Amino acid sequence: MTEIVLASASPARLALLRGAGLDPKVIVSGVDEDAVTAASPAELCLALARAKAAVVAGELSEGLVVGCDSMLELDGRAYGKPRSAQEAVVRWRSMRGRSGNLLTGHCVIDAATGREAAAVGSTVVRFGTPAADEIAAYVASGEPLRVAGAFTLDGLGGWFVDGIEGDHGNVLGLSLPLLRRLLAEVGVPVTSLWR
């Protein structure tokens with residue numbers, strides 16, 4: 001059976017894939033995300049996903065490498081993980097009561113053949129209106145500092161998200177329907193990868 005390699009340290013992505021019947025090996029790419037630039041948030045997350053997958057695929061002779069990168073697009077700007085608690089507080093103050101697009105770049109590379117397929121998933125996230133003390137408590141938990149957009153859907157941040165339009169998995173860091181289509185593009189039916 002073909003090995004799936006997740007080029008990401010994200011526990012949420014790993015849990016999604018495991019829950020969906022795959023048993024990926026994790027190899028973190030070590031890509032310097034600050035060194036990658038692009039014209040738009042969607043192009044940036046796609047470039048980062050491609051870079052992560054390419055680095056890991058370059059180290060392997062076989063296997064399907066999955067690279068992903070997520071960010072929140074708000075007012076045309078890309079927001080990854082906040083660099084400090086202060087930045088997370090400021091970000092939450094600007095997000096509350098508004099909607100943003102959670103973008104996740106996905107890239108699949110067949111290390112044996114070099115075939116590649118890539119695309120960006122987008123999900124609208126409608127943020128609630130947490131009070132200042134709720135934002136402070138959330139930031140103090142440390143959770144928003146570890147995730148793109150400074151929030152989670154499946155953790156403490158879920159209390160402050162009023163709803164989404166689109167694939168919830170994309171918000172968690174990986175869209176299963178999109179990944180299925182990308183695997184098909186490189187000639188691999190996802191059902192052949194189920195454990």
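Here the structure is a predicted model, which means the values were calculated and not measured.
- In this structure, Val120 and Cys45 have side chains that are in contact, with non-hydrogen atoms separated by less than 4.5 Å.
- Contact detail for Ser70 and Ala148: the closest heavy-atom pair is O-CB, 3.2 Å.
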Open item on the list: Apply side chain to side chain contact (heavy atoms under 4.5 Å, CB included) to residues Val161 and Val125 and explain how you reach the verdict.
Closed with: CA-CA 7 Å; Val161 174; Val125 180; 3.8 Å; yes
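- Residues that satisfy the ring pair (Phe, Tyr, Trp, His ring centres under 6.0 Å) test with Phe127, not counting sequence neighbours, are Trp92, Phe151.
- Leu48 and Ile27 end up in different hydrophobic clusters when Ile, Leu, Val, Met, Phe, Trp and Tyr side chains are linked at under 4.5 Å.
- For the side-chain contact (heavy atoms from CB on, under 4.5 Å) test, residues two or more places apart in sequence or in another chain that qualify with Arg180 are Val190.
- Evaluation of the side-chain hydrogen bond (donor to acceptor under 3.5 Å, both in side chains) rule for Arg126 yields Glu165 as partners, not counting sequence neighbours.
- Side chain of Asp75 to backbone of Arg77: no donor-acceptor contact under 3.5 angstrom is found.
- Residues satisfying the side-chain contact (heavy atoms from CB on, under 4.5 Å) test with Thr113, not counting sequence neighbours, are Asp110, Arg115.
- Within the 3.5 Å criterion, the main-chain N or O of Asp167 finds a donor-acceptor partner in the side chain of Thr123.
- Although no hydrogens or angles enter the test, the distance criterion places a donor-acceptor pair under 3.5 Å between the side chain of Arg96 and the main chain of Pro130.
- The main-chain N or O of Ser175 is found under 3.5 Å from a side-chain atom of His106 such that the two form a donor-acceptor pair.
- Each salt bridge (Lys or Arg N to Asp or Glu O under 4.0 Å) pair with one or both residues in residues 50-67, not counting sequence neighbours, appears once here: Glu33-Lys52, Arg50-Glu116, Lys52-Asp69.
- Atom CZ of Arg83 has 12 or fewer neighbouring heavy atoms from other residues, nucleotides or ligands inside a 6.0 Å radius.
- In this structure, the side-chain hydrogen bond (donor to acceptor under 3.5 Å, both in side chains) partners of Glu87, at least two apart in sequence or on a different chain, are Arg91.
- Judged by distance alone, the side chain of Asn170 and the main-chain N or O of Leu102 form a donor-acceptor pair under 3.5 Å.
- Looking only at distances, a side-chain donor or acceptor of Arg98 sits under 3.5 Å from a matching main-chain atom of Ser94.
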